[in-house]
Amino acid sequence: MADIRSRPPVMRLTEAAAARVRSLMERSDSKGAGLRVGIKNGGCAGMEYTMEFAEEAGRFDEIIEDKGARVLIDPKAILYLLGTEMDYKIDKMSAQFVFNNPNQTSACGCGESVAITPAKPEATGASA
């Protein structure tokens, strides 16, 4: 029989981020599966975080349920988001989700895009 190991979630949410995700889902016209987080190529640093309402979970989405909030991780983004903490910050000029990502190597000056390297295999619990 195979040994089943638990693995840490790809991403965790701060209380502020979880509260904001719950609020967005409650106010959404569609009562979908959650908020999908991913990455895409773009911006001056090379990559951008993406977020969208998800009507249903994709077959390979990683589902994170943390502090009463449900976030779906796009499977193409999993290695880029391993170990990330999602926060929500409000200051005088903006309110936004902030990703504290250990895989991020740099960011552009305007803060709209980032450079991210995939996590190493040992971070996934896989053996080489």
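Starting from 1, each residue takes its place in the sequence as its number.
Under a hydrophobic-cluster definition in which Ile, Leu, Val, Met, Phe, Trp and Tyr are linked whenever side-chain heavy atoms come within less than 4.5 Å, directly or via other members, Ile90 and Leu24 are assigned to the same cluster. Hydrophobic cluster membership differs between Val98 and Tyr88, with clusters built from Ile, Leu, Val, Met, Phe, Trp and Tyr side chains linked at under 4.5 angstrom. Hydrophobic clustering, with ILVMFWY side chains joined whenever heavy atoms are under 4.5 angstrom apart, groups Met51 together with Tyr49.
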Requested in this report: Could you please spell out the steps behind the side chain to side chain contact (heavy atoms under 4.5 Å, CB included) verdict for Glu52 and Thr50?
Outcome: CA-CA 7 Å; Glu52 64 183 1; Thr50 63; over 6 Å; no

Query raised in the report: Are Val21 and Phe97 close enough, and set up right, to give a side chain to side chain contact (heavy atoms under 4.5 Å, CB included), and what steps lead you there?
Result: CA-CA 10 Å; Val21 169; Phe97 285 104; 4.0 Å; yes

**Report entry** side chain to side chain contact (heavy atoms under 4.5 Å, CB included) evaluation trace for Met25 with Phe53
**Finding:** CA-CA 8 Å; Met25 293 308 297; Phe53 291 111; 3.5 Å; yes

Report task. Check the pair Leu81 / Asn103 against side chain to side chain contact (heavy atoms under 4.5 Å, CB included), numbers first and verdict last. Result -> CA-CA 7 Å; Leu81 296 176; Asn103 307 304; 5.9 Å; no

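For the pair Ile73 and Ile64, the minimum side-chain heavy-atom distance is below 4.5 Å. Between Met47 and Asn41, the closest side-chain pair of non-hydrogen atoms falls below 4.5 Å.
Enclosure of atom NZ in Lys40 is not indicated, since only 12 or fewer non-hydrogen atoms of other residues, nucleotides or ligands lie within 6.0 angstrom.
A distance of 9.0 Å separates CZ of Phe99 from CD1 of Ile116, quoted to the nearest 0.5 Å. Considering CE of Met11 and CG of Leu82, their distance stands at 11.0 Å, rounded to 0.5 Å. Once rounded to the nearest 0.5 Å, the distance linking CZ of Arg22 with NZ of Lys67 reads 9.5 Å. Rounding to the nearest 0.5 angstrom, the gap separating the CG atom in Asp66 from the CD atom in Glu85 is 10.0 Å. A distance of 8.0 Å separates CD1 in Ile78 from CG in Asp61, rounded to the nearest 0.5 Å. Rounded to the nearest 0.5 angstrom, Thr117 OG1 and Tyr80 OH are separated by 8.5 Å.
Pairing each heavy atom of Leu72 with each of Gly34, the nearest pair is CD1-N, 4.5 Å. For the pair Arg36 and Gly58, the tightest heavy-atom approach, listed with the atom from each and the gap, is NH2-N, 3.5 Å. Contact between Ala77 and Gly38 at its shortest, heavy atoms only, is CB-CA, 3.8 Å.
Using a 4.0 Å cut-off between charged nitrogen and carboxylate oxygen, Asp91 and Lys89 do not count as a salt-bridge pair.
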